[in-house]
Amino acid sequence: IGEAFQLAGQRLGAPESMGISTLEPGQRPPTMPPGRQVSIRVQMLDDTQEVFEVSQRAPGKVLFDLVCAHLNLIEGDYFGLEFQDQHKMTVWLDLLKPILKQLRRPKNTILRFVVKFFPPDHTQLLEELTRYLFALQIKHDLACGDLTCNESSAALLVSHIVQSEIGDFEEVQCKQHLLNNKYIPEQDALMDKIIEYHQKHVGQTPAESDYQLLEIARRLEMYGVRLHPAKDREGTKLSLAVAHSGVLVFQGHTKINAFNWSKIRKLSFKRKRFLIKLRPDLNSNCQDTLEFMMGSRDCCKVFWKICVEYHAFFRLFEEPKPKPKPVLFTRGSSFRFRYITCALKIPLEKLLANHFQSSILRKHSKIQSNSGLSPFPPRLCVEGQGEVSVIYLGVLYKKISHIMSPQHSESPSAGQVMVNGQKQSLSLGQSPDGRQPSPLTSPLLTDAGFVRTDDEDEVRRKRFPADKAYFIAKELLTTERTYLKDLEVITSFQKSVGKDEAMPDSLRNLIFANFEPVYKFHETFLKDVDQRLAQWEGRSNAHIKGDYQRVGDVMLKNIQGLKLLTAHLQKHSEALLELEQTCHSSRRLEGLCRDFELQKVCYLPLNIFFLRPLHRLMHYKQILERLCKHYPPTHDDFRDSRAFALTALADISEMVVQLHGTLIKMENFQKLLELKKDLTGVDNLAIPGREFIRLGCLSRLSGKGLQQRMFFLFNDVLMYTSRGMTASNQFKMHGQLPLYGMTICESEDEWGVPHSFTLFGQRQSVVVAASSASEMEKWLEDIKMAIELADKCNDSSAEILSSSFTDSKSPEESSADQESEDDLSASRTSLERQTPHRGNTTVHVCWHRNTSVSMVDFSVALENQLSGNLLRKFKNSNGWQKLWVVFTNFSLFFYKTHQDEFPLASLPLLGYSITIPSESENIHKDYVFKLHFKSHVYYFRSESEYTFERWMEVIRSTTCSSSHIRSLSRKEPHVY
């Protein structure tokens with residue numbers, strides 16, 4: 001047994017064992033083929049070396065199984081053996097080919113046992129030993145500089161490694177340990193920060209430290225990335241890599257592009273050229289086939305093989321049937337990935353037995369870091385490959401939970417189980433108070449599991465209250481969690497950017513003094529609501545019917561407290577204005593704000609978060625209105641609950657009226673600031689008096705035919721642009737039409753173009769066509785309204801326009817100037833990187849989906865926010881995945897749990913339709929709605945009729961444009 005693995009066994013406090021397990025559970029290592037024995041050295045993840053005797057004829061799998069048996073490793077599928085070939089290239093040992101055909105000089109070759117496949121979520125790793133080996137791999141990647149990250153993340157990672165190795169913090173011991181061991185290249189400069197983090201890990205076991213290490217590492221951009229040098233067509237030096245999600249393109253250590261497996265049609269190589277053939281996408285300007293030049297044909301083949309293996313491991317759910325060999329000729333590579341994939345897991349009985357035994361051993365033995373040497377605990381082999389029933393799982397987990405106490409449990413893990421004949425994922429979630437639960441709690445009985453069966457749904461319906469008031473209160477809780485996360489973005493901004501000298505003291509104090517009290521207040525508010533829901537559901541010992549099955553009293557108490565913060569809420573708009581003015585005069589602060597916006601936690605434009613407190617008032621008002629409507633005079637809790645709710649509603653309505661004018665003005669200002677980032681050729685878009693009305697796609701009729709243009713309608717001018725091919729993906733200004741004196745008429749008959757109309761300006765006329773009759777109606781209505789308002793003002797906007805545009809050309813010259821379409825049709829290279837938050841903004845979504853959106857739609861989308869757990873299913877998938885979903889700003893943002901810092905993905909909903917699945921779609925579940933756009937189909941399943949209706953309502957508010965009657969009534973105190 002290697003020294004480091006003795007150390008690992010010592011960490012677990014396990015007795016000596018000779019138990020073995022193989023890559024394929026339930027079987028012993030394969031019989032060694034006859035022949036002369038050869039000694040092969042393998043370097044383990046702890047840098048120790050072991051010698052294995054194998055036959056000259058043995059395939060690679062024999063050696064790999066021996067290594068796994070030596071380590072007592074069950075989950076060997078994630079690992080591999082790599083070595084340097086005769087060309088000094090690092091390649092993987094092929095498990096099907098004879099070893100000596102791959103190793104030219106086996107005596108002088110050292111194979112390295114390393115992690116080969118990095119799953120996106122380390123909770124998929126079922127055994128503590130596997131997580132420990134992954135932690136060693138992370139430790140190695142940090143030390144050699146392969147896993148790059150910022151200083152804070154690096155210090156935090158090292159602090160968990162130190163906690164795992166030496167235990168709780170002691171200053172002298174910690175400093176000496178860091179001096180003797182170098183975990184990262186720049187460790188000396190981060191010594192103080194590492195020590196600061198280490199102090200916070202008191203009481204954390206080695207297993208918990210490994211879990212936290214992997215939790216942080218998996219969120220890093222370079223996690224599991226092995227770079228393969230390449231060049232694009234222009235000769236720019238790049239690197240290619242493969243991950244669970246697809247093929248990645250890096251420049252240095254910065255990811256500049258990613259091609260998801262679902263978008264890749266074919267991967268191939270020809271000599272030095274590596275080719276990625278993409279599926280056709282009408283919404284993308286990217287080429288169908290991307291070409292990269294690598295160092296040699298061997299380099300291409302090595303990368304192609306690992307791409308095939310990654311795709312098979314993470315995407316293949318059954319082993320493909322081998323193709324018949326041709327009789328005469330062969331073409332291409334014969335390589336096939338024939339090993340166990342991520343979806344083909346080992347029997348759950350064996351994993352549970354191992355987990356059970358190691359947990360028992362850990363409970364009855366003390367973990368000491370500097371005494372005793374013993375290998376890993378024995379692994380039990382449970383015969384039989386049958387399915388495990390849900391009932392058996394629950395009973396087994398309950399038995400283990402009865403024996404084990406929570407404080408001795410290991411970190412959360414995930415597994416797979418056969419449910420109703422289908423392979424489903426299990427994930428151990430978190431307890432209602434936010435702490436990590438014991439992994440011995442059945443995932444089928446927790447809220448955070450990915451899959452719930454029909455029987456579980458019935459149990460939940462019986463357990464949780466059926467009263468509509470409960471689901472209204474739960475909506476308050478879920479949206480409050482999201483709101484508090486949004487406030488944390490501002491506090492994070494203040495802490496990171498506010499320390500810089502570029503931010504004036506006045507601005508720093510304005511943000512801190514007015515956002516910090518609001519954040520602290522809502523922290524308490526969230527705890528009150530969470531506690532009340534716990535009592536309502538019976539999760540605490542204080543639930544008594546009648547006293548706790550209401551939420552109006554909690555709302556009233558906190559709304560009255562919120563009224564005291566009205567002065568702070570009024571200052572939020574001032575903070576946004578002053579921040580914009582300061583950024584306009586300080587390039588450094590502007591750059592700092594831009595860098596902060598690029599962080600994943602800032603999932604929306606930064607200035608939207610400054611308006612969140614005002615939007616939240618609208619949410620409270622809507623929730624209280626629904627609560628008051630719910631309580632009829634015959635309701636048991638009518639008197640007290642409705643009285644509380646009505647009083648709270650009156651208080652919040654008073655605040656909404658008081659701050660409504662400010663909200664309208666700031667929403668318009670925020671939208672102008674956002675559009676300013678999407679447009680080039682406009683010097684100052686956010687001028688006083690200008691108000692945004694609508695943006696969207698129209699086709700402009702010119703000598704070259706119909707050309708797609710993006711139009712922006714304001715209360716003084718109509719601008720039209722084309723999409724530029726710059727790195728920032730901004731829209732290039734092409735023309736402007738002042739609204740004063742403009743007339744408009746439909747012109748389908750004149751030009752023979754469907755849904756077309758002509759805009760007659762004082763010096764220029766433009767013929768445009770909408771994508772549909774409904775789109776044309778929206779544009780005509782908005783433009784006519786804007787013209788009427790401009791005529792009433794009786795003021796030409798020539799002076800405004802001349803100061804607004806950087807281009808000094810007159811409108812006639814702009815019209816006469818025939819812009820070149822070369823830049824629009826030119827193919828992009830792989831190097832061109834879409835700047836984050838500029839390639840997925842509302843403007844770009846409207847461009848790709850050929851639609852439009854108004855200012856009223858923006859306001860409705862911001863005010864109709866919703867969040868909560870949903871089950872998601874793709875069109876061609878069988879299982880349902882549980883996700884935390886946030887709806888805001890025309891998009892759905894997907895998280896694994898509500899505690900995640902940033903979304904995993906997003907889905908812009910503009911252009912999507914929401915319906916209920918038909919019988920032919922075979923979705924035999926309750927409360928399911930369907931989102932579809934062209935061939936893209938998603939199904940979402942909610943937990944109750946109320947939540948189903950709420951999701952339908954808020955999403956329809958995005959997919960169906962608001963009427964302008966509402967627009968005028970809403971803006972009555974602030975007319976255009």
Side-chain angles (χ1 to χ4, degrees), residues 80-94 97 101-104 109 111-112 114-118 141 144-148 221-279 286-315 330-337 727 827-834:
L81 295 169
E82 65 176 12
F83 63 96
Q84 279 194 340
D85 63 6
Q86 66 271 23
H87 303 298
K88 301 298 182 182
M89 291 177 53
T90 301
V91 296
W92 293 101
L93 182 71
D94 192 321
K97 293 182 179 180
K101 285 192 175 182
Q102 303 178 66
L103 307 180
R104 295 297 176 89
T109 303
L111 287 85
R112 291 182 296 275
V114 295
V115 177
K116 185 175 184 179
F117 301 107
F118 289 81
D141 292 346
C144 65
D146 289 341
L147 183 60
T148 58
E221 194 167 65
M222 295 297 294
Y223 169 69
V225 170
R226 296 172 183 264
L227 299 177
H228 296 254
K231 294 180 181 180
D232 65 2
R233 287 182 175 179
E234 284 72 32
T236 305
K237 291 185 178 180
L238 304 170
S239 295
L240 298 180
V242 62
H244 67 93
S245 58
V247 180
L248 313 177
V249 183
F250 286 82
Q251 189 172 27
H253 284 84
T254 303
K255 184 169 68 175
I256 63 173
N257 217 333
F259 303 101
N260 196 281
W261 293 125
S262 61
K263 297 181 180 178
I264 297 177
R265 181 181 175 187
K266 182 180 180 181
L267 293 174
S268 60
F269 65 95
K270 188 174 182 180
R271 298 185 179 89
K272 294 184 179 181
R273 294 183 297 156
F274 184 80
L275 306 173
I276 304 176
K277 191 168 186 178
L278 303 177
R279 299 185 185 277
C286 199
Q287 304 171 65
D288 290 339
T289 302
L290 300 174
E291 181 179 310
F292 300 89
M293 297 294 294
M294 305 191 80
S296 65
R297 181 187 181 277
D298 290 340
C299 293
C300 276
K301 186 171 183 179
V302 166
F303 183 62
W304 174 79
K305 285 180 68 174
I306 188 61
C307 286
V308 172
E309 291 175 328
Y310 253 84
H311 178 267
F313 188 82
F314 289 106
R315 301 275 290 186
T330 62
R331 182 180 178 183
S333 174
S334 61
F335 173 75
R336 297 291 184 271
F337 184 74
S827 61
R828 294 188 300 174
T829 68
S830 60
L831 179 60
E832 291 177 349
R833 178 189 182 192
Q834 293 187 1

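Side-chain atoms are counted along with the backbone in the values below, which use heavy atoms only and exclude waters and symmetry mates.
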Could you check Val247 against Asn260 for side-chain contact (heavy atoms from CB on, under 4.5 Å), going step by step and ending with a plain yes or no? CA-CA 7 Å; Val247 180; Asn260 196 281; over 6 Å; no
Would Leu275 and Leu290 count as a side-chain contact (heavy atoms from CB on, under 4.5 Å) here? Give the steps. CA-CA 6 Å; Leu275 306 173; Leu290 300 174; over 6 Å; no
side-chain contact (heavy atoms from CB on, under 4.5 Å) between Met89 and Val302, worked out: CA-CA 9 Å; Met89 291 177 53; Val302 166; 3.5 Å; yes
Run the numbers on Asp298 and Ser296 for side chain to side chain donor-acceptor pair (under 3.5 Å), then give the verdict. CA-CA 5 Å; Asp298 290 340; Ser296 65; 5.0 Å; no
Apply the test ring-ring contact (aromatic ring centres under 6.0 Å, His included) to residues Phe117 and Phe313: give CA-CA distance (whole Å), side-chain angles for both, the deciding distance (0.1 Å), then the verdict. CA-CA 8 Å; Phe117 301 107; Phe313 188 82; 4.2 Å; yes
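Between Trp261 atom CH2 and His311 atom NE2 the span is 6.0 Å, to the nearest 0.5 Å. How far CD of Glu221 is from NE2 of His253: 10.5 Å, rounded to the nearest 0.5 Å. Rounding to the nearest 0.5 Å gives a distance of 11.0 Å between SG of Cys299 and CG of Leu240. To the nearest 0.5 Å, the span separating CZ on Phe274 from NZ on Lys301 amounts to 13.5 Å. Here Glu291 contributes atom CD and Lys270 contributes atom NZ; the two are 10.0 Å apart, rounded to the nearest 0.5 Å. Atom NZ in Lys255 sits 14.0 Å away from atom OG in Ser239 (nearest 0.5 Å).
Between Met222 and Leu227 the shortest side-chain heavy-atom distance falls below 4.5 Å. For the pair Ile306/Lys116, a side-chain contact is recorded, criterion being any heavy-atom separation below 4.5 Å from C-beta on. For the pair Ile264/Arg279, no side-chain contact is recorded, criterion being any heavy-atom separation below 4.5 Å from C-beta on. No side-chain heavy atom of Ser268 sits under 4.5 Å from any side-chain heavy atom of Lys277. Proximity of Arg273 to Phe292: side-chain heavy atoms (C-beta onward) are nowhere separated by under 4.5 Å. The shortest side-chain heavy-atom distance between Arg297 and Phe269 falls under the 4.5 Å cut-off. At a threshold of 4.5 Å between non-hydrogen side-chain atoms, the residues Gln251 and Thr236 count as touching. Taking 4.5 Å as the limit, every side-chain heavy atom of Asp85 sits out of range of all side-chain heavy atoms of Thr109.
The two residues Met294 and Phe303 come nearest to each other via the heavy atoms CE-CB, 4.1 Å. Heavy atoms only, all atoms of each residue included: Asp94 and Gln102 are closest at N-OE1, 2.7 Å. The minimum heavy-atom distance linking Phe250 with Ala241 is given by the pair CE1-CB, 4.0 Å.
A donor-acceptor pair under 3.5 Å is formed between the side chain of Asp232 and the backbone N or O of Gly235. Remark: the backbone N or O of Val91 is not paired with any side-chain donor or acceptor of Gln84 at under 3.5 angstrom.
The side chain to side chain contact (heavy atoms under 4.5 Å, CB included) test with Phe259 is passed by exactly one of Val249, Leu248, Leu267: Val249.
Among residues two or more places apart in sequence or in another chain, the side chain to side chain donor-acceptor pair (under 3.5 Å) test is passed with Glu82 by Arg112, Arg226.
Remark: Lys305 fails to qualify as a cation-pi partner of Trp92 under the 6.0 Å distance and 45° angle criteria applied to the six-membered ring.
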